[in-house]
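Quick caveat, the model's predicted, so the values are computed rather than measured. Just so you know, ligand 1 is whichever comes first in the structure, and atom 1 is the first atom listed for that ligand.
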Amino acid sequence: MNTDTRAVAARALAQVALSGHSLREALALTLPTLTDARERAFASTLVHAGARGWLRWNAALLLLLHKPLPRRLGDLQALLVLGLAQLEDLGVPAHAAVAASVEGAAALGHGAQRGLVNALLRRWLRERGTLLPQLDANAEARTRLPGWLLDALTRDWPDALDAIVAASNREAPPMLRVNLRRVRRADYLARLAEAGIGAHAHPWIETAIVLERSLEVGRLPDWGAGACAVQDGAAQLAALLLDAPPGARVLDACAAPGGKTCHILERGAVALTALDVDARRLPRVRENLDRLGLTCDLRAADAQQPAAWWDGQPYARILLDAPCSASGVLRRQPDVRLHRRASDLPALLERQRALLDALWPLLAPGGTLLYATCSILRAENADQIAGFLDAHADAQAQPIALPAGRRDGAGWQLLPGDGALDGMFYARIGKRGSS
Ligand SMILES: C[S@@+](CC[C@H](N)C(=O)[O-])C[C@H]1O[C@@H](n2cnc3c(N)ncnc32)[C@H](O)[C@@H]1O
């Protein structure tokens, strides 16, 4: 790896941690400047590790520096955070991590700071025995989670807190969903083995394959022919729990980027309408549908305003994969912890409530609405659904029981790491009466 890899990663991390860019955006902007696929993969690993460890290693930097670096040195700050993450989390040998960080400073145009980078990282190595306990005395630095989220998780899941923190800070295994319309899972596993890609079947999710390590999707056999998609197993449960019968009218109210939409269509021929309020996100849904050989009625529309798009015919199934805090998927989206604020929650809760209320009249009697979030906060999940059931006499929770996770109120909560999956909540709500 050359030093430019570190410099590119530092620029991307500074964009994420200091300028509010999403990790996906920052990588899309910066990685193409690296021509070698292995360097791109390493830079991506670095940025993920840097975002995951920011609250810890940036606090360590403050211990070393006593005052923050000036804003104009934001990329150098990110380079130093990456240096510490390499030393402490990624197992990069000390001499390599220090030397490459020093060179990285020069590549960033901060040649005058090479001595500072060298001195700080070497001091860390000398004094880490006394500095680590100081870091661990600070809850954010210890858990790598923002204080507001830590408080909420302590309140909601006191007994599972340590497991949630550990799982949220571990790199998640990449997972695929096999398109069973195109290929059987056993045959696809054989194709992966032939291609030298280590993988195994998820023990109880029939479409899921767990890969041993990340790789660019173009290297997956028959990717272009729609043999599979990248999707965590927890998200693959949505189509199974929705269980749309053949020919059913189905609404996917919050569809982009279309992972669950495609899975519902792969399971059987249904008349599916997929909406998303954000028109800029629809091309990705279209790309996924096209690659997987699927079709549906895809529209840019606000699910809260059915008068603008609904034809008046009720749906047998509605999937509401609601906008949420994403607190269950920090292991895959480490930037969420840096961007989400406690003050975002009231508006999210109100949107979830408004979406549930607006969509309920569109469900046929005897039909089922599946409410899903990738959150682990009770306010967005069990409490939200309890409030909905109280306010709708014709709504009845249908039990869910999965091999991992736990019942919570009227729904089912997977915490991150349960069954080696992301954190997700599902509640299945039936409408009384027959269609
Ligand atoms: C959790 S994501 C959906 C993920 C998607 N179901 C999948 O599996 O790929 C939530 C989506 O809801 C959309 N959304 C938020 N408010 C909406 C509304 N009022 N109407 C329709 N879509 C909305 C957001 O733009 C976002 O794309």
Side-chain angles (χ1 to χ4, degrees), residues 22 24-25 175-177 179 205 207-208 228-242 244 250-267 272-292 294 296-310 315 317-330 332-333 336 339-340 344-362 369-377 380-381 384 414 421-427:
S22 76
R24 177 184 279 276
E25 275 166 6
M175 281 199 187
L176 303 179
R177 181 188 77 243
N179 180 358
I205 301 172
T207 44
C228 67
V230 176
Q231 189 180 44
D232 187 82
Q236 296 182 40
L237 296 168
L240 306 183
L241 293 170
L242 190 69
V250 179
L251 175 68
D252 183 355
C254 292
K260 299 183 187 75
T261 314
C262 292
H263 192 193
I264 295 166
L265 293 164
E266 285 165 11
R267 289 194 86 229
L272 185 129
T273 299
L275 311 178
D276 204 280
V277 73
D278 186 348
R280 291 164 308 174
R281 285 166 63 81
L282 290 190
R284 272 202 62 213
V285 186
R286 173 66 60 205
E287 247 171 59
N288 286 328
L289 288 165
D290 290 349
R291 189 179 58 79
L292 295 161
L294 305 165
C296 74
D297 175 15
L298 175 64
R299 304 187 197 185
D302 183 348
Q304 270 173 245
Q305 307 290 338
W309 51 267
W310 186 40
Y315 296 99
R317 296 285 184 276
I318 296 178
L319 171 61
L320 171 53
D321 188 16
C324 71
S325 63
S327 47
V329 293
L330 300 185
R332 291 201 193 277
Q333 298 178 33
V336 166
H339 297 152
R340 188 60 82 203
D344 298 338
L345 264 192
L348 281 170
L349 295 175
E350 176 50 29
R351 251 163 114 192
Q352 293 154 0
R353 194 196 57 73
L355 280 161
L356 280 163
D357 285 351
L359 294 172
W360 187 245
L362 281 56
L369 181 149
L370 182 67
Y371 176 79
T373 72
C374 57
S375 165
I376 53 174
L377 301 182
E380 299 182 274
N381 297 337
Q384 183 69 270
L414 288 161
L421 302 170
D422 281 349
M424 284 218 53
F425 176 82
Y426 287 108

In ligand 1, which numbered atoms sit nearer than 4.0 Å to a non-hydrogen atom of [X]?
X	answer
Asp278	25 (O)
Pro323	15 (C), 16 (N)
Ala301	20 (N), 21 (C)
Ala253	21 (C), 22 (N)
Gly259	7 (C), 8 (O), 9 (O)
Arg281	25 (O), 26 (C), 27 (O)
Asp302	18 (C), 19 (N), 20 (N)
Gln304	19 (N)

Give yes if a backbone or side-chain nitrogen or oxygen of [X] is under 3.5 Å from a nitrogen or oxygen of ligand 1, and no if not.
X	value
Ala322	no
Leu355	no
Asp252	no

Quiz item: Step by step, would you call Gln384 with Leu349 a side-chain contact (heavy atoms from CB on, under 4.5 Å)?
Solution: CA-CA 8 Å; Gln384 183 69 270; Leu349 295 175; 4.1 Å; yes

Quiz item: Any idea how Phe425 and Tyr371 line up, ring-wise: parallel (<30°), tilted (30 to 60°), or perpendicular (>60°)?
Solution: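 Taking Tyr371 first and then Phe425, their aromatic rings stand perpendicular (interplane angle over 60°).
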
Quiz item: Considering only heavy atoms, which of Ala255, Ala229, Ala238 lies nearest to atom 5 (C) of ligand 1?
Solution: Ala255

Exercise. Please work out which of Thr261, Val277, Leu319, Asp276 has its closest non-hydrogen atom nearest to atom 17 (C) of ligand 1.
Key: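 When every heavy atom of Thr261, Val277, Leu319, Asp276 is considered, Val277 comes closest to atom 17 (C) of ligand 1.
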
Practice problem: Give the intermediate values and the outcome of salt bridge (charged side-chain N to carboxylate O under 4.0 Å, His left out) for residues Glu287 and Arg284. | Solution: CA-CA 5 Å; Glu287 247 171 59; Arg284 272 202 62 213; 5.3 Å; no

Practice problem: Just need the protein heavy atom nearest to atom 10 (C) of ligand 1, so name the residue and atom and give the distance. | Solution: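 Checked against all protein heavy atoms, atom 10 (C) of ligand 1 sits closest to Asp321 O, 3.7 Å.
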
Quiz prompt | Nearest protein heavy atom with distance in Å, relative to atom 20 (N) of ligand 1 | solution = Ala303 N, 2.9 Å

Exercise. Please work out whether any backbone atom (N, CA, C, O) or any side-chain heavy atom from C-beta onward of Ala235 is under 4.0 Å from ligand 1, and answer side chain, backbone, both or neither.
Key: neither

